[in-house]
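The structure appears right after this line, and notes come after that.
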Amino acid sequence: MTTKLQVTETIENYLESIYNMRDEGQKIIGARLADRLGLKPPTVSQTLQRMKRDGLVKIADGEITLTRHGTEVAEAAIRRHRVVERFMSDILGIEWAVAHREAERLQHAMSDLVEQKMIEALGHPTTCPHGNPIPGMQSTRLPADAMTLNTARENQAVQILRITEEGERDPRLLDYLQKQGLIPGAIITVQEVVEWTGVITFKKDDRAIALGLTAARTIWVRAVESI
């Protein structure tokens, strides 16, 4: 009889990060994962070796990929997190930044029953409030024409698709985006991208808004016809 592997909260966080980086089209290596997690590379390397031993990841030529089991664990964790965020935002009216922080705490303790009841109460949502897809509800892949906001051209109209998990980790950014109405579905027109100042400016509903290029890299958009 095979004993079911007990996955810790730390391992779930690693798997979630790898999964999200993959869906954002990144090549996943130890240094990038360490940067994403805010940990030292040696610590990440040791943990990855344990995850490899437990059949959660594969490591070949320095590149990290999820096994089938690793993918299943990651999707289950991400689904719980995004369902909780949606419930807190839609039902409880909690602000984005707070909902994200609380979801990180609750997702590890939530039962399958509570998860399913939340999904039903929400009407089977397909994304979290920030536009990231809920695994099992719809494809997690970005459309082929998606790009990050910092790469948009001047005078180009774009529609916001999602804010990455990397962006979600900054509560100040989440709070700013929500207050400015920079939410999934919103259409903005890029005015100026200035590399040397590190700022992008754009218009939304005749309002001028500025954002740092580092923050803009965490926002996925797609080009649309000007409005």
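For R169, there are no side chain to side chain donor-acceptor pair (under 3.5 Å) partners two or more places apart in sequence or in a different chain. Scanning for side chain to side chain donor-acceptor pair (under 3.5 Å) contacts around D145 gives R222, with sequence neighbours left out. For N20, the side chain to side chain donor-acceptor pair (under 3.5 Å) criterion is met by R82, not counting sequence neighbours. Under the side chain to side chain donor-acceptor pair (under 3.5 Å) criterion, D170 pairs with no residue, sequence neighbours left out. Shown here are the ring pair (Phe, Tyr, Trp, His ring centres under 6.0 Å) partners of W96, two or more places apart in sequence or in another chain: H130. For R207, there are no salt bridge (Lys or Arg N to Asp or Glu O under 4.0 Å) partners two or more places apart in sequence or in a different chain. For R32, the salt bridge (Lys or Arg N to Asp or Glu O under 4.0 Å) criterion is met by no residue, not counting sequence neighbours. Residues passing the salt bridge (Lys or Arg N to Asp or Glu O under 4.0 Å) test with E24, sequence neighbours excluded: R36. When the salt bridge (Lys or Arg N to Asp or Glu O under 4.0 Å) test is applied to E85, no partner is found at least two apart in sequence or on another chain.
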(request) Take V190 and L149, measure what side chain to side chain contact (heavy atoms under 4.5 Å, CB included) needs, and give me the verdict at the end. (result) CA-CA 9 Å; V190 177; L149 179 56; 4.3 Å; yes
(request) Test V221 against I187 for side chain to side chain contact (heavy atoms under 4.5 Å, CB included), laying out the working first. (result) CA-CA 9 Å; V221 300; I187 296 175; over 6 Å; no
(message) As a quick check of understanding, evaluate side chain to side chain contact (heavy atoms under 4.5 Å, CB included) for N13 and E9, giving each step before the final call.
(response) CA-CA 6 Å; N13 290 336; E9 181 176 329; 4.2 Å; yes
(request) Please lay out, stage by stage, how M118 and V84 fare under the test side chain to side chain contact (heavy atoms under 4.5 Å, CB included). (result) CA-CA 8 Å; M118 280 189 177; V84 172; 4.2 Å; yes
(request) Could you walk me through whether E16 and Q107 pass side-chain hydrogen bond (donor to acceptor under 3.5 Å, both in side chains), step by step? (result) CA-CA 12 Å; E16 287 181 62; Q107 70 179 81; 2.9 Å; yes
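Looking at heavy atoms from C-beta onward, P125 lies out of side-chain contact with F87 at the 4.5 angstrom threshold. Residues I18 and L33 form a side-chain contact, since some pair of their non-hydrogen atoms from C-beta on lies under 4.5 Å apart. Contact check for N150 versus V193: no side-chain heavy atoms found under the 4.5 Å cut-off. Two residues are said to be in side-chain contact when any heavy atoms from C-beta on lie closer than 4.5 Å; K52 and I64 fail this criterion. Under the 4.5 Å side-chain criterion, counting only non-hydrogen atoms from C-beta, V83 is not in contact with R80. Using a 4.5 Å cut-off on side-chain heavy atoms (C-beta onward), I59 and L48 make contact.
Minimum interatomic distance between P171 and A97 (heavy atoms only, all atoms of both residues): O-CB, 3.6 Å. Scanning all heavy atoms of the two residues, the minimum distance from V44 to L37 falls at CG2-CD1, 4.5 Å. Residues P184 and I163 share a closest heavy-atom pair of CD-CD1, 4.4 Å. Closest heavy-atom contact between V158 and A152: CG1-CB, 4.3 Å. Residue G55 comes nearest to H69 through the heavy atom pair O-CB, 4.0 Å, listed as atom of the first residue, atom of the second, then distance. When all heavy atoms of A99 and I94 are compared, the pair lying nearest together is N-CG2, 3.7 Å.
Judged by distance alone, the side chain of Q159 and the main-chain N or O of G185 form a donor-acceptor pair under 3.5 Å. Here the side chain of T67 pairs a donor or acceptor atom with the backbone of L56 at under 3.5 angstrom.
Electrostatic pairing of R101 and E168 does not count as a salt bridge here, judged by no charged N lying under 4.0 Å from a carboxylate O.
In this structure, E104 places its CD atom where more than 12 heavy-atom neighbours from other residues, nucleotides or ligands lie under 6.0 Å away.
Interatomic distance, CZ of R86 versus CG of N132, reported as 11.0 Å (0.5 Å rounding). Separation of atoms SG (C128) and NE2 (H100) is listed at 9.0 Å; rounding is to 0.5 Å. A distance of 10.5 Å separates CD in Q156 from CD in E154, rounded to the nearest 0.5 Å. Rounding to the nearest 0.5 angstrom, the gap separating the OG atom in S17 from the CG atom in D35 is 11.0 Å. For the atom pair OH of Y14 and CG of L66, the computed distance is 14.0 Å after rounding to the nearest 0.5 Å. Between the CZ atom of F202 and the CD1 atom of I188 there is a distance of 4.5 Å, given to the nearest 0.5 Å.
L113 and I91 fall into different hydrophobic clusters, where Ile, Leu, Val, Met, Phe, Trp and Tyr are joined by side-chain heavy atoms under 4.5 Å apart, directly or via other members. No single ILVMFWY cluster, assembled from side-chain heavy atoms under 4.5 Å apart, contains both L161 and L173. No path of Ile, Leu, Val, Met, Phe, Trp and Tyr side chains, each step under 4.5 Å between heavy atoms, connects I29 with V57, placing them in separate hydrophobic clusters. Connection of M147 to V224 is not established within any shared hydrophobic cluster, with ILVMFWY side chains joined at heavy-atom distances below 4.5 Å, either directly or through further cluster members. L106 and L174 end up in different hydrophobic clusters when Ile, Leu, Val, Met, Phe, Trp and Tyr side chains are linked at under 4.5 Å.
Side-chain contacts under 4.5 Å among hydrophobic residues (ILVMFWY), followed directly or transitively, place V194 together with W196.
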May I have the list of side-chain donor-acceptor pairs in residues 210-219 shorter than 3.5 Å, sequence neighbours left out?
{"residue": "T214", "atom": "OG1", "partner": "R217", "partner atom": "NH2", "Å": "3.2"}
{"residue": "T218", "atom": "OG1", "partner": "A215", "partner atom": "O", "Å": "2.7"}

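A donor-acceptor pair shorter than 3.5 Å cannot be found between the side chains of H124 and E120.
For residues 177-204, every residue pair satisfying the salt bridge (Lys or Arg N to Asp or Glu O under 4.0 Å) rule, not counting sequence neighbours, is listed here: D175-K179.
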